[in-house]
*Asks:* 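Below you will find the structure I want to go over with you.
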Amino acid sequence: MSLDNKKVKEIAYLARLNVQDSEIEQTASELNNILSLMDKLGDIDTVDSEPMAHPLKMSQRLREDKVSEEDMSKEFQEIAPKTGKGHFLVPTVIE
């Protein structure tokens with residue numbers, strides 16, 4: 001697949017990119033190089049490759065899940081204009 005200048009302008013417009021007319025040739029060349037690389041990647045035989053979620057076989061160390069702040073929701077809701085059962089009520093605007 002090869003992109004011409006017209007297609008590059010359309011892509012730039014759809015992507016909301018400001019590509020100057022003086023940059024169109026270079027941008028088309030760079031995009032065509034990227035598409036060429038993608039075609040080469042598509043030719044690689046991956047039938048015997050096992051899918052993986054992470055390139056390294058190791059588990060992620062997570063911090064201990066513990067409460068670090070006191071619950072102040074009651075104090076905050078006391079000064080709120082309107083509250084429900086443990087939550088703030090937001091007024092609706094009907095016109």
Side-chain angles (χ1 to χ4, degrees):
M1 175 181 199
S2 181
L3 299 174
D4 59 359
N5 292 350
K6 183 180 176 185
K7 278 289 186 192
V8 171
K9 286 181 181 181
E10 289 177 20
I11 292 168
Y13 173 76
L14 291 172
R16 303 296 191 257
L17 297 174
N18 185 14
V19 180
Q20 302 298 324
D21 289 337
S22 60
E23 301 171 323
I24 293 292
E25 288 289 332
Q26 181 182 356
T27 304
S29 174
E30 291 173 357
L31 287 174
N32 284 323
N33 287 340
I34 292 170
L35 292 174
S36 172
L37 288 173
M38 297 305 293
D39 284 339
K40 288 180 184 177
L41 287 174
D43 293 339
I44 298 173
D45 182 20
T46 58
V47 172
D48 296 328
S49 299
E50 181 181 333
M52 55 184 174
H54 195 279
L56 303 176
K57 293 204 180 262
M58 57 192 313
S59 61
Q60 183 178 4
R61 295 186 325 201
L62 302 174
R63 65 175 170 78
E64 181 184 347
D65 189 16
K66 62 180 180 180
V67 177
S68 60
E69 297 178 7
E70 67 179 90
D71 182 12
M72 297 183 63
S73 59
K74 289 191 188 310
E75 289 85 356
F76 293 143
Q77 288 186 0
E78 286 175 358
I79 60 173
K82 291 185 180 180
T83 59
K85 296 178 182 175
H87 61 275
F88 297 99
L89 292 177
V90 179
T92 57
V93 177
I94 299 175
E95 293 182 24

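Because the structure is a prediction, the values reported are computed rather than measured.
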*Asks:* What residues form a side-chain contact (heavy atoms from CB on, under 4.5 Å) with L41, not counting sequence neighbours?
*Replies:*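 So L41 forms a side-chain contact (heavy atoms from CB on, under 4.5 Å) with M38, I44.
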
*Asks:* For D48, what residues pass the side chain to side chain donor-acceptor pair (under 3.5 Å) criterion, not counting sequence neighbours?
*Replies:*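 By the side chain to side chain donor-acceptor pair (under 3.5 Å) rule, D48 matches no residue at all.
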
*Asks:* Tell me who clusters with L62, hydrophobic residues only, linked when side chains sit under 4.5 Å apart either directly or through other members.
*Replies:*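 Via sub-4.5 Å side-chain contacts, L62 links to none.
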
*Asks:* Name all residues meeting the side-chain contact (heavy atoms from CB on, under 4.5 Å) criterion together with Q77; count only those two or more places apart in sequence or in a different chain, and write none if there are none.
*Replies:*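 Partners of Q77 under the side-chain contact (heavy atoms from CB on, under 4.5 Å) test: T83, F88.
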
*Asks:* Running the 4.5 Å side-chain criterion over Ile, Leu, Val, Met, Phe, Trp and Tyr, what cluster does L14 land in, apart from itself?
*Replies:*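 Y13, all in the cluster of L14.
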
*Asks:* Identify, with sequence neighbours excluded, every residue that meets side-chain contact (heavy atoms from CB on, under 4.5 Å) alongside I11.
*Replies:*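 With sequence neighbours excluded, I11 shows a side-chain contact (heavy atoms from CB on, under 4.5 Å) to L3, given in chain and number order.
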
*Asks:* Tell me which pairs pass side-chain hydrogen bond (donor to acceptor under 3.5 Å, both in side chains) where either residue lies in residues 32-43, with sequence neighbours left out.
*Replies:*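 For residues 32-43: none.
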
*Asks:* May I have all residue pairs that pass salt bridge (charged side-chain N to carboxylate O under 4.0 Å, His left out) and include part of residues 67-89, sequence neighbours excluded?
*Replies:*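 Those involving residues 67-89 do not exist here.
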
*Asks:* Using distance only, find each side-chain donor-acceptor pair of residues 21-30 under 3.5 Å and give its atom names and separation, not counting sequence neighbours.
*Replies:*
{"unit_1": "E23", "atom_1": "OE1", "unit_2": "Q20", "atom_2": "N", "d": "3.0"}
{"unit_1": "E25", "atom_1": "OE2", "unit_2": "N5", "atom_2": "ND2", "d": "2.7"}
{"unit_1": "Q26", "atom_1": "NE2", "unit_2": "E30", "atom_2": "OE2", "d": "3.0"}
{"unit_1": "T27", "atom_1": "OG1", "unit_2": "E23", "atom_2": "O", "d": "2.7"}

